[in-house]
*Asks:* 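Sending over a structure as structure tokens; questions will come in a sec.
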Amino acid sequence: MPADRLPDPYRPEPDVAAALLAGLQGRLDWPRAAAMATPWVHAVRAQPAPFWALESLLREYPISSAEGLALMRLAEALLRVPDAETAMALTADQLGRADFDGAGGTDGSSAHRLLAGLSAQAIALSKKLLPGSTEPPGVLQRLGARTVVAATVRAIQLLGRQFVLGRSIAEAMAEAASQRKALPRLRFSYDMLGEGARTEADAERYLASYHHAITHIAAARPAGQAPMAGDGISIKLSALFSRYEEAQRQRVFDTLLPRVRQLLALAARANLNLTIDAEESDRLELSLDLLDVLADDVAREHPHWAGFGLAMQAYQTRAAAVVDEVAAIASRRKLRFMVRLVKGAYWDGEIKRAQEGGLAGYPVFTHKHHTDLSYLACAGKLLARHDCLYPQFATHNAGTIAALVQMAEGSGAAFELQRLHGMGEAVYREVLKNPAIDCRVYAPVGEHRDLLAYLVRRLLENGANSSFVHQLADEQVPPDELLASPLQVQPAPSLPLPAALYGPARRNASGVDLACQAQRAPLLAALPASPLPTVAMATPADADAAMQALHAGFVDWNARPVAQRATLLRRAADRLDAELPAWCGLLVREGGKTWGDAVAEVREAVDFCRYYAEQAEARLAEQVLPGPTGESNVLRLQGRGVFVCISPWNFPLAIFAGQVVAALVAGNTVAAKPAEQTPRVAQRFVALLHEAGVPGDALRLLHGLGETVGAQLVAHPLCAGVCFTGSTPVARLINRTLAAKDGPIVPLIAETGGLNTMVVDSSALPEQVVDAVVQSAFRSAGQRCSALRLLCVHEDIADGVITMLRGAMAELRVGDPAELATDVGPLIDDDAFAAIGAHVARLRRDAVLLGESTLPSPPPLPRLLAPVAFEIGRVDELRDEVFGPVLHVLRWGPGQGGPEAARDVRTLVARINALGYGLTLGVQTRIDSRARQIAADARIGNVYVNRNMIGAVVGVQPFGGEGLSGTGPKAGGPHYLYRFCAEQTLTINTAAAGGNAELLAGMA
Ligand SMILES: Cc1cc2nc3c(=O)[nH]c(=O)nc-3n(C[C@H](O)[C@H](O)[C@H](O)COP(=O)(O)OP(=O)(O)OC[C@H]3O[C@@H](n4cnc5c(N)ncnc54)[C@H](O)[C@@H]3O)c2cc1C
């Protein structure tokens, strides 16, 4: 990728918008465009959409309402649920909470009333008949419930049907032919529906399906027809390779590229249009690099083919530069590309990714009209480059269409409009009255099961308040408002930037966009040379001297105002944040972290510093307590003395920093003993705190073995408290040591291990489950206390989930963490490697192997263990935490035999509770009430629903468990600091000297 091919995606939004606006000056007369579109709006409203157009339904039940949400949830999940029990529970759960009763057709359309009526009836029935209703139970109820579910399934199928042209390419082409009878100028771009590939088998299936479709389209194509004039196909690169991502760049070129080439050759030979859909912004740079190579192929092998196309998203802040770049790629090879300009379908996901990653801004606009403005600016550029680009404008927005028509006038450019099948029909009915305008329909093809993700996107699009189609259906929105000019610049984003996510009091830690070369390069360059310098071990005399010094230093440090201590933490956080690449380099080198994990860890350390600073100021301030007159009462919190902090190697920075700064900010001095495997990270962090202003006699690093240095510190008479993160057996040892000591009984904060499970029911989406499982079980080589150890899958979907999991595991890359492409690095040391290896060997003998990743040959590093999964028969076969990439899988459900089998979800959770650990639990279900019930039943500290179960964020998911998993309070939570504090009340008799002057003075 040429370094300066694209600008920074995170430039301030107003600057980007202002530049786009300037580029449009004099090219567009918006009032004229609005005047063109106004009659279309009136005409559409005068002839409201039939019910299958969906606008009507979503006007009644917008997605912001409980009803709209219920509809969307059901649409997403119901059709894939295989068993009746779960389907009934899901339907009851969603319909039970919505209130469709009041709805009815207001537009006079009988079809609309029909659907509203169907919904209302289904809901009314369901309330009576589904499980959880107040009606008496019985056979009738069950029969009734099945009927309601069947009706709801039918309604969802009807919804889905609106967006699919046919179940197979042949069916879709027949439907297209019939639509063309009414409108011969109509063209189609077929889209073979489905989720992105998770496995090679998925990718090969999609490849075959694209192949089949192209062959079919080619066979029906009239001889001599140009790609612009005929039907074509749209393909998604994420369907053709499960690892279509920046980190896997080499494999993308090795594996994905040949597949795309194969399809391109097929389309080129048939001279039809093949368009590559636009996906998430983190694939943009990669997609342009692929385009560069593909363009060479086309220029070499099919120089006269003008059917190669790609989609571009105007909502990206880099959109205008992408048009320039694509034009340059085409014109350099004397080619002409077909370019579909869209606004972009993943807006919500882009915003979330940026917030979660603490990115420098958003890669997409946050004001809808900035996207519209960008769209028009990009359209202007496309029209201007019609020598090498054929503009295809995909939009349902009447204002945008009118502006495009105006801009195209006199440009000399041929262009076409595009809409999605099932959307925008009414607007296009008006627009296409102009016989000079050509139109192509994006036509999804697939079975119900493949349609769900696509259907939800469309429901969101139709139901969003900001959406044109949604507002068009709403008579309350006056045409002036609907057609308001987008040619304006807002001075600030409409959402707080990721840095401001936690409000003004606490800045979010900065992240790195690893998909952006400009951000990635400094990070990768910061890998320190190996070997790293050694850190001297503390002797028993050192440890004793340190405890004495820290004891002496306590008085001064504790006497400092909380705000002063908090300031030092913030100073340290700012430096960590600014030096992120160097810290990541050290974590990769010393801790064997992958780059992604390293970034997340530095961010967590930054968050700990800022969070505890904020918490200390908010919670440790003196509190005035109520009491009788003549007396003042205050509660004060302060340090307890010397706190011993003992941390593990798996988060050598974040956990180390979290413990130390929490103890310090509460007023304690700290003897910090890092894990013996990772002393350098700890040493550097202690140095950073000292440089930030923490005195030497408030914080000492004591590197050494747990059995010697750790044990000595815990047993030391001056130890006023212990904060420990590590294994349950060592926590017990510490507890016993403390109990055996004379002198004060001191607090122990212990965060220990977990036998973490994920419960998956049959309403869950297998792709989402597999993504979450792979991340939770194998990221960091399973060396996280939160990592998934036991996956419990409902028997009715287990085979499918296991097959997909096996395929996804085969795609993981095990290797050197310094390589960006590595998913799974080495185990921490030889002991761990031997112990986990022995466990795996035992499982190979006693359990069923489900899948495993492959090790590179020869392995580039020692201690690499390939992720592996085994099926086991009972929850309690798992006894101890296995701290590596080993996953156990169990089936649950009514068909499971044996007295210990978990036949229902509550029994399953009881069995999980009986293991005694209580750290993390994953739940994958679309039944909200079930998720809540599981969380209520579980004796577990962190419960994650429909996502992965690792990576707790400070102040967002305070982390820590119960039972064998720890004492609490949760790290990164509002109760943590109190455990480091001693409490004192100060009561002063203010009436002691001569009487209650205050009372008397106030009695006037
Ligand atoms: C033929 C065709 C092909 C398509 N192919 C693709 C594709 O390959 N890749 C893809 O991503 N999408 C694709 N889409 C989907 C497309 O992105 C949406 O349909 C489109 O954004 C809707 O735009 P509109 O002009 O019809 O509606 P409008 O209502 O005018 O615009 C809605 C769009 O505005 C944007 N938006 C919404 N809220 C905000 C906000 N607060 N700030 C900034 N922007 C906001 C979003 O992009 C949203 O989709 C395709 C659409 C069509 C018609």
*Asks:* Under the side-chain contact (heavy atoms from CB on, under 4.5 Å) rule, collect the residues that match up with D254, sequence neighbours excluded.
*Replies:*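 Expected list: Q250.
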
*Asks:* Strictly by modelled atom types, are D277 and Y442 linked by a side-chain donor-acceptor pair under 3.5 Å?
*Replies:*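 Checked: D277/Y442 side chains pair up, N/O donor to acceptor below 3.5 Å.
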
*Asks:* Taking atom types as modelled and ignoring hydrogens, do the side chains of S234 and R340 form a donor-acceptor contact shorter than 3.5 angstrom?
*Replies:*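 Yes, side-chain donor-acceptor contact under 3.5 Å.
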
*Asks:* Side chains of residues 303-311: which donor-acceptor partners sit under 3.5 Å, not counting sequence neighbours?
*Replies:*
| from | atom 1 | to | atom 2 | distance (Å) |
| --- | --- | --- | --- | --- |
| W305 | NE1 | L272 | O | 3.1 |

*Asks:* Go through the structure and list residues passing salt bridge (Lys or Arg N to Asp or Glu O under 4.0 Å) with E475, not counting sequence neighbours.
*Replies:*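 Here no residue qualifies.
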
*Asks:* Just grab all the side chain to side chain donor-acceptor pair (under 3.5 Å) pairs involving residues 172-184, residues at least two apart or on different chains.
*Replies:*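 Sorted pair list: E175-Q179, R180-D231.
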
*Asks:* With H42, which residues qualify under ring pair (Phe, Tyr, Trp, His ring centres under 6.0 Å), at least two apart?
*Replies:*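 Testing H42 for ring pair (Phe, Tyr, Trp, His ring centres under 6.0 Å), a comparison that skips the adjacent residues, returns none.
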
*Asks:* Going by side chain to side chain donor-acceptor pair (under 3.5 Å), name the pairs with one or both residues in residues 209-219, residues two or more places apart or in two chains.
*Replies:*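 The answer is none; no pair qualifies.
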
*Asks:* Distance only, no hydrogens: is a donor on one side chain within 3.5 Å (strictly under) of an acceptor on the other, for D191 and Y454?
*Replies:*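 No, because no side-chain N or O of D191 sits under 3.5 Å from a partner of the opposite role on Y454.
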
*Asks:* Sequence neighbours left out, what passes ring pair (Phe, Tyr, Trp, His ring centres under 6.0 Å) with Y244? Give chain and number order.
*Replies:*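 Not a single residue meets the ring pair (Phe, Tyr, Trp, His ring centres under 6.0 Å) criterion with Y244.
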
*Asks:* Among all residues two or more places apart in sequence or in another chain, which pass the side-chain contact (heavy atoms from CB on, under 4.5 Å) test with P39?
*Replies:*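 By the side-chain contact (heavy atoms from CB on, under 4.5 Å) rule, P39 matches no residue at all.
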
*Asks:* Taking side-chain hydrogen bond (donor to acceptor under 3.5 Å, both in side chains) as the test, write out the residues that go with R221, two or more places apart.
*Replies:*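 R221 satisfies side-chain hydrogen bond (donor to acceptor under 3.5 Å, both in side chains) with no residue once adjacent residues are dropped.
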
*Asks:* Holding to ring pair (Phe, Tyr, Trp, His ring centres under 6.0 Å), I want the full list of residues that pass it with H369, two or more places apart in sequence or in another chain.
*Replies:*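 Per chain and number, H369 pairs via ring pair (Phe, Tyr, Trp, His ring centres under 6.0 Å) with H367.
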
*Asks:* With I351, which residues qualify under side-chain contact (heavy atoms from CB on, under 4.5 Å), at least two apart?
*Replies:*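 Applying side-chain contact (heavy atoms from CB on, under 4.5 Å) to I351 gives W347, Q355, Y362, V364, T366, L495.
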
*Asks:* Check salt bridge (Lys or Arg N to Asp or Glu O under 4.0 Å) between E430 and all other residues, then give those that pass, not counting sequence neighbours.
*Replies:*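 Expected list: K433.
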
*Asks:* What are the two closest non-hydrogen atoms of V44 and R429, and how far apart are they?
*Replies:*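 What the structure gives for the nearest pair is CA-NH2, 3.9 Å.
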
